[in-house]
Every structure is written in structure tokens, then in C-alpha cells.
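Side chains are part of it too, since the values below use all heavy atoms of this structure and drop only hydrogens, waters and symmetry mates. Counting starts at 1 for both ligands and their atoms, following the listed order.
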Amino acid sequence: MKILVATEKPFAKKAVDGIREIFDEAGYEVVLLEKYSDKQQLLDAVADAEGLIVRSDKVTAEVLDAAKKLKIVVRAGAGYDNVDLEAATAHGVVVMNTPGQNANAVAELTIAMMIFMARNGFTPGTGMEVRGKRLGIVAYGAIGRIVADVADGLGMYVHVYSRPNPNKIRLYAKHLRRDDTLEQMFTESNFVSLHMPSTPETKGMIGYDLIKLMPQGGVLINTARKELIDEQGLIRAFEERPDLKYVTDIAPVAIEEMKEKFGNRVFATSKKMGAETAEANMNAGLAAARQIVGYLRDGNNEFQVNN
Ligand code: 3PG
């Protein structure tokens, strides 16, 4: 049984060693394809694999066509918008994610980015403190909950918005408040942080109409997906509001235009680094390996995301 670990952005060595150990014990062969630059390398490597672990690597219909023996793909991470679910289902391939496994790493980066922007990107000048400020968290899943807890500890007022049924959310910390609309959240929050997946419903969800509502000096934080932002809408709002800032872990398509127009009011990491901790790599990588063994050996399809 051959398992391919295809990670253009490799896992930490310790995580790779742990993944190998799990598959060795199960008697499966592991093939590593790391830092590959050409899609053809993935198409060749996947041809005889029965299991596949990826990170943000794109698992398209073409990849699935090439993977004649494939039974399962596990996206070691939360968002599985990089996997063509329909094509996987059509090929009889099970798709899973590893929910929550890298949530703490992303939440910590979110808090770091918030303070980084509050202190003017660590450049000279007067910044602001976050204590007593309002943080709006859009989507209260595994990451949103940790961000809420930490922000509560920092003395912030935390607003939470979650679809589809905000009434069902249980709020734990004492300063948490549920907002019924995004308009309400954007109007009152000094910082707004996005934690929803990229789906047809969330694409372009955050644009001019919401961003322009933010209070003076508002900061939008995106450690989720670039597709959530209507970039031209953001640009328009930022042109009208020279006080607003945007910090993101996923470079916008229009990053050059944004840098030129807004300078250090916009900051984007050069490569997505939310899940780039040894701990997150271990958690997500090992969970992915265990889920593959669990499925191939025992038929356990917990965490399956396609039908
Ligand atoms: C996720 O959806 O889990 C994160 O975006 C992490 O993605 P990565 O594994 O490519 O770093």
C-alpha cells in the first residue's frame, strides 16, 4: 500500500518522522514529494498511491484522474477548498480534513498580527493598546474560539458573529458578545478577524459596504482565505478612509496595487504561515496519517467532508 505525502510547503522534520512511524507500523510504504514546483511531479507521484496527504496543495480533477488507485485524500489542516470534492466523489475517493489540529497556531498568529498593526508594524510612531478595544470575530469555530479566549485575557471586548444560527453559539468568556449582523460588528469593532472557510457563500463576503463601517483606525485581520475579501471593494474603502489598515496571512491578488496605494497600511506575509509551527505540523500531520490508516484498515470515515 503506497501513501504519498505531497507538500509543496513541507512539514517540520519531526512531523514527517512521526508520519513515517505511523505508516511503518501499519505496513504501508511512504513516498515524500516536498517543495515540488511542477504539477507534473504530483501527477507522476500520485499515479500508484492509495492514500494521499496534502496541505494547501491543489487536488484537482486532473490529479484525481491521474490517481488511478487512490482511495483517500486527507488535507492536513482545516480548509479543504484546495480539493475538488465533486471530482473526488465521482472517482470514489474519500476526502477528509483534520479539524482543529492547527487552530492554536493560526489563533496565535491572529493575535500577533493584531498587535503588530496596533503598533504600526513595529515602526517608530505612536501606536495603540488592545486592552479595552473591541475585536469582532467572524465565525466562531476552532480558531475563533481560541482567538476569543486570548483576546478576553488581553482585556478586550470580544464580539462574535457566526452563521447560520448565531443563537446556538455558547459563549464562554465574560466579555463576549454575540452580534446578529456583520454590519453591527464592523460598525463597533476596532479590529475584525476572519475565520470562516472559503465557500461559494463566503467568497467576496467582506467588501466596501462592511469595511467602510469600521470605526476610526479600524484594522481588518485575515488569517483565513484571500477569497473572502472583495479586493476592489477594500481598495475603494481604503481610498476613502486613510485611517484603515489590513493585515493578512494570504497575499491578496492585488497586493502590488495595495502596497503602492496604501504603503504599510497593508501587510501580507510572503507565504501563508498560520499553521507553520512544529506543534501544528505534528498535530495535523499525525492526525492525517492516523485517519488514513483508520480508513484503509478499519473503514473509519469520521472527518469525511465529501459525500
Ligand atoms: C488550513 O486551512 O489548515 C490552513 O490554511 C493551513 O494551511 P497550510 O497547511 O497550507 O499551511
I'd like to know whether ligand 1 has R75 as a neighbour, heavy-atom separation below 4.0 Å. yes

Should the proximity of E276 to ligand 1, defined as any heavy atom under 4.0 Å, be assigned to the side chain, the backbone, both, or neither? neither

Is there a nitrogen or oxygen of G79 sitting under 3.5 Å from a nitrogen or oxygen of ligand 1? yes

At a non-hydrogen distance cut-off of under 4.0 Å, which region of V106 contacts ligand 1 (side chain, backbone, both, or neither)? neither

How long is the span from the CE atom in M114 to the NZ atom in K133, to the nearest 0.5 Å? 10.5 Å

Could you pull out the closest heavy-atom pair between A224 and M196, with the gap in Å? CB-O, 3.6 Å

Taking both backbone and side-chain atoms of A78, is any N or O found less than 3.5 Å from an N or O belonging to ligand 1? yes

Apply side chain to side chain contact (heavy atoms under 4.5 Å, CB included) to A61 and list each qualifying residue two or more places apart in sequence or on a separate chain. D84, A87

Pick whichever of K9, R225, Q101, K272 has a heavy atom sitting closest to atom 11 (O) of ligand 1. K9

Looking only at side chains, do S56 and R75 share a donor and an acceptor under 3.5 Å apart? yes

Does the residue M273 have a heavy-atom contact with ligand 1, meaning some pair of atoms that are separated by less than 4.0 Å? no

Qualifying salt bridge (Lys or Arg N to Asp or Glu O under 4.0 Å) pairs, either residue in residues 14-27, two or more places apart: K13-D17

D48 bridged to K2 by N-O distance under 4.0 Å: yes

